[in-house]
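Below is one structure, written out as structure tokens, with a few remarks after it.
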Amino acid sequence: MTPHYPKGYVFYRNLHYSYPLINHGRGLYLYDVEGKKYLDASGGAAVANIGHGVKEIAEAISSQAQKVGYLNGMQFTHFPVEALAAEISKFLPFTSGKLYFLTSGSEAVEASIKLARQYWVENGQDTKIHIISRKPSYHGNTIAALSLSAREHYKEIFRPMLRKNIKIPAPYCYRCFWHEEYPSCQMKCADELEKAILKLGKENVSAFLTEVIGGTTTGAAVPPAEYFKIIRKICDKYKILLIVDEIMTGIGRTGKWLACHHFDLAPDIIIMGKGLTGGYLPLSALAVKKNIVDSISKKGRSFLHAQTYSHHPVGCAAGLATLNWIKRNNLVEKSSKMGGRFLKELLTLLNHPHVGDVRGKGLLLGVEFVKEKKGKTPFPRKKNYVEHFLSRAMTKGLILWPNIGHADGVNGDLILLAPPFIITQTEISKILYILKEVLFEIKNNE
Ligand SMILES: Cc1ncc(COP(=O)(O)O)c(C=O)c1O
């Protein structure tokens, strides 16, 4: 029976949806107050990497909150922030990296482009202001992060408030911008970065901001191996900082601690979030090469980006406990192993006429739907294909994460699968079973 509670005061994210009231979560499952069980195949928004209800994380949070809940990042340091920074630095692709902690991914993206700007100013190159990013892409919902993103339905109403920048085509091979195929395409999408820099003038470009493996906007599109070799070379040639957004892909999601490791890539700034605490508290981080921090410090300054909740003791304690839990339970290895198995099973969906592509790495996997396979024709947006798909899956107790608009800015339907790394073969089979059921139900209703 639903307990009595005051209703009508919450400004919900979705104003046209009847929200189930969740009571608790355990492992891969969420349980609502009516007793319904949900299999969390998307880890919420690719966040719940270690699963729900892990007691050790709750205890670490409680223990730190009892010691000290808040400290001003301008006045004190504390054990959780020092220890978490040291833990993260162990898997960074550069030595002596420094960690700056914030709360959300969008904030960290904003901070990263300000940091790039300050770095250039401290180095006497104050004409460097432009950030180049990619399309499709997603870097967050605050004004600058949204400006740098190419997720058109999020931007529509706000466009007059957003800043313009050059966006080069992402390595989204299924829908190559030039309708070419790898390798005969010769990686035009990577070379576009050089063209964009030359167009703006290298003396005016501060940084290139990029996801490593696509998040929601390209449904886990994995670039060809040489993509980031070309990108790194171009950034070095023109002295452009390379900022990678690992907010979704970091902390084991793609089967390595960072998606950068799949490409032997050493960026200048790495942004993390989401899985850093497995969702137990909001925490994001910038991992920054030492030379960037040093050049600010040498000028007698600090990074000009104060935020009340930066370097938060309880957030960092949650992050530290999460990383320890991941290590102790070999969850990064599990993400790689179970991701491989899951992908293999998902590939069988390609037999269905509405499944155009299946892709991904580790436990970040995407299934793209099409109306017609040969021409990769998307469903018309007004059909709301993925919305119907999600709603049917939810009725069956399966939680998925959608994206729309990737095909041409308006049309396109895909789902992202990003379950907790503790997923077993039983759950993979359950998910596949429901996905097949929903695919056939929708087809039969056409
Ligand atoms: C790749 C990527 N960057 C940035 C963000 C924004 O993070 P947040 O929603 O925590 O602000 C997200 C969120 O989904 C993301 O997936």
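Just so you know, residue 1 is the first one in the sequence shown, and it goes up from there. Remember, it's 1-based here, ligands and their atoms both numbered in the order they're listed.
Cation-pi check for Lys188 over Phe177 is not met; the charged atom does not lie both under 6.0 angstrom from the ring centroid and within 45 degrees of its normal. A cation-pi arrangement is absent between Arg232 and Phe228, since the terminal nitrogen or guanidinium carbon is not both under 6.0 Å from the aromatic centre and inside a 45° cone about the axis.
Counting only residues at least two apart or in different chains, salt bridge (charged side-chain N to carboxylate O under 4.0 Å, His left out) contacts with residues 315-330 comprise Glu87-Lys327. Sorted by first and then second residue, the salt bridge (charged side-chain N to carboxylate O under 4.0 Å, His left out) pairs involving residues 153-178 (not counting sequence neighbours) are Glu152-Arg159, Arg175-Glu368. For residues 406-421, the side chain to side chain donor-acceptor pair (under 3.5 Å) pairs, not counting sequence neighbours, are Arg381-Asp413, Asn403-His406, Asp408-Asn411.
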Return a table of N or O atom pairs, ligand 1 on one side and protein on the other, at distances under 3.5 Å, rounded to 0.1 Å.
{"residue": "ligand 1", "atom": "3 (N)", "partner": "Tyr138", "partner atom": "O", "Å": "3.4"}
{"residue": "ligand 1", "atom": "3 (N)", "partner": "Asp245", "partner atom": "OD1", "Å": "3.3"}
{"residue": "ligand 1", "atom": "3 (N)", "partner": "Asp245", "partner atom": "OD2", "Å": "2.6"}
{"residue": "ligand 1", "atom": "10 (O)", "partner": "Gly105", "partner atom": "N", "Å": "2.9"}
{"residue": "ligand 1", "atom": "11 (O)", "partner": "Gly105", "partner atom": "N", "Å": "3.4"}
{"residue": "ligand 1", "atom": "11 (O)", "partner": "Ser106", "partner atom": "N", "Å": "2.7"}
{"residue": "ligand 1", "atom": "11 (O)", "partner": "Ser106", "partner atom": "OG", "Å": "2.5"}
{"residue": "ligand 1", "atom": "14 (O)", "partner": "Lys274", "partner atom": "NZ", "Å": "2.8"}

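At a cut-off of 3.5 Å, with distance as the only test, no side-chain donor of His130 or Asn204 sits close to an acceptor on the other residue.
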